[in-house]
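Letters A, B, ... are given to chains in the order of the sequence lines, protein chains preceding strands, and every chain is numbered from 1.
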Amino acid sequence: MDEELHEMIREVVRSIPRGRVATYGDVADLSRAPSPRLVGHVLNQDGHDLPWHRVLRANGTCAPHIADTQHQLLREEGVAVADGKIDLRTYRWEDAVTEKAEEPPGLW
DNA sequence: CGGCTGACTGATT
DNA sequence: CAATCAGCCAGCC
């Protein structure tokens, strides 16, 4: 059953560090999901106890129906939200790609 | 079995 | 920066 994938996606989302964000594509890749759409679907169904607000679209924005809450929660964690968009180049969860994790500005 | 939808992405114009 | 197109996959009718 693909239930394992389902759990995997939730695990990845839960692994996102505080003050950082990830894109659907990243989560999909880390959870070996076949496509980012599955991530969205899973979060919609079982993302109630997950930090789904740390998952955004590739351009730094998020879905309209959750955007309001999303921005609010992110700000609580110290993530700067500018005009409904997050600066991915600064806050993107880079530990996943092991490129370079530079410290975000005024955080904590 | 076929078609539409969606918390998506990337490239192109 | 906005609009379009084409892949992508699961779920519902």
Side-chain angles (χ1 to χ4, degrees):
Chain A
M1 182 80 115
D2 286 38
E3 201 175 294
E4 192 177 332
L5 173 60
H6 189 110
E7 293 292 314
M8 197 51 207
I9 293 174
R10 309 212 312 166
E11 186 58 50
V12 172
V13 174
R14 197 171 307 188
S15 302
I16 303 175
R18 190 163 181 261
R20 287 292 168 78
V21 300
T23 69
Y24 288 94
D26 286 346
V27 175
D29 185 51
L30 291 170
S31 62
R32 92 182 190 293
S35 108
R37 289 183 126 78
L38 274 300
V39 180
H41 192 74
V42 171
L43 291 181
N44 187 25
Q45 294 303 309
D46 305 277
H48 55 82
D49 64 310
L50 294 172
W52 54 267
H53 53 267
R54 293 180 189 150
V55 184
L56 343 163
R57 297 202 261 191
N59 64 325
T61 63
C62 49
H65 47 272
I66 60 173
D68 185 60
T69 307
Q70 182 119 28
H71 300 156
Q72 188 175 307
L73 291 170
L74 286 174
R75 281 185 180 282
E76 276 186 49
E77 303 195 342
V79 177
V81 181
D83 194 40
K85 294 186 252 188
I86 285 72
D87 189 349
L88 285 178
R89 116 201 116 160
T90 301
Y91 295 105
R92 189 177 188 189
W93 185 32
E94 301 184 56
D95 286 356
V97 290
T98 319
E99 238 179 70
K100 191 178 66 162
E102 58 180 79
E103 289 291 318
L107 170 60
W108 280 89

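Summarising the geometry, the separation between CD1 on Ile16(A) and C1' on dA7(B) is reported as 13 Å, rounded to the nearest angstrom. To the nearest angstrom, P of dA7(B) lies 11 Å from CG of Leu43(A). Atom CG in Asp46(A) sits about 14 Å away from atom C1' in dG11(C), given to the nearest Å. One atom, CG of Asn44(A), and another, P of dT5(B), lie 17 Å apart when rounded to the nearest Å. Separating the NE2 atom of His6(A) from the P atom of dC9(C) is a distance of 19 Å, rounded to the nearest angstrom. Residue Ile9(A) contributes atom CD1, which lies 14 Å from atom C1' of dG11(C) at whole-angstrom precision. Note: CG (Leu73(A)) to C1' (dA7(B)) measures 15 Å, nearest angstrom. Rounded to whole angstrom, the span from the NE2 atom of His41(A) across to the C1' atom of dC9(C) amounts to 11 Å.
Checked against dA10(C), dC8(C), dA7(B), the side chain of Leu38(A) finds its nearest nucleotide in dA10(C). The side chain of Trp52(A) lies closest to dA7(B), out of dC9(C), dA7(B), dG11(C).
If you find the closest nucleotide of DNA chain C to Lys85(A) and to Ser35(A), the one lying nearer the 5' end belongs to Lys85(A).
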Nucleotide-level pairing of DNA chain B, given in dot-bracket where Watson-Crick and G-U pairs need both distances under 3.5 Å and | marks other strands: .|||||.||||||
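Taking CG of Leu74(A) as the reference point, atom CZ of Arg20(A) lies at 13.0 Å (rounded to 0.5 Å). Note that the CG atom of Asp46(A) and the NE2 atom of His6(A) stand 3.5 Å from one another [nearest 0.5 Å]. Considering CG of Leu5(A) and CZ of Arg10(A), their distance stands at 12.0 Å, rounded to 0.5 Å. A distance of 12.5 Å separates CZ in Arg92(A) from OG1 in Thr90(A), rounded to the nearest 0.5 Å.
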Review item, nucleotides 9-12 of chain B N/O atoms under 3.5 Å of protein N/O:
residue, atom, partner, partner atom, Å
dT9(B), OP1, Ala58(A), N, 3.0
dT9(B), OP2, Ala58(A), N, 3.0

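Of all heavy-atom pairs spanning Tyr91(A) and Gly19(A), the tightest one is CD2-O, 3.6 Å. Closest heavy-atom contact between Ile9(A) and Ser31(A): CG1-OG, 3.4 Å. The two residues Ser15(A) and Trp93(A) make their nearest non-hydrogen contact at O-CZ2, 3.5 Å.
Distance noted for atom C1' between dC8(C) and dG6(B): 12 Å (whole Å). Between the P atoms of dA7(B) and dG7(C), the separation comes to 22 Å (whole Å).
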Side-chain donor-acceptor pairs under 3.5 Å in residues 49-65 of chain A, sequence neighbours left out?
residue, atom, partner, partner atom, Å
His53(A), NE2, Glu77(A), OE2, 3.2
Arg54(A), NE, Glu77(A), OE1, 2.8
Arg54(A), NE, Glu77(A), OE2, 3.2
Arg54(A), NH1, Ile16(A), O, 2.8
Arg54(A), NH2, Glu77(A), OE1, 3.4
Arg54(A), NH2, Glu77(A), OE2, 2.6
Asn59(A), OD1, Thr61(A), N, 3.4
Asn59(A), OD1, Thr61(A), OG1, 2.9
Asn59(A), ND2, Thr61(A), OG1, 3.0

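Considering only heavy atoms from C-beta on, Glu76(A) comes within 4.5 Å of Leu73(A) through its side chain.
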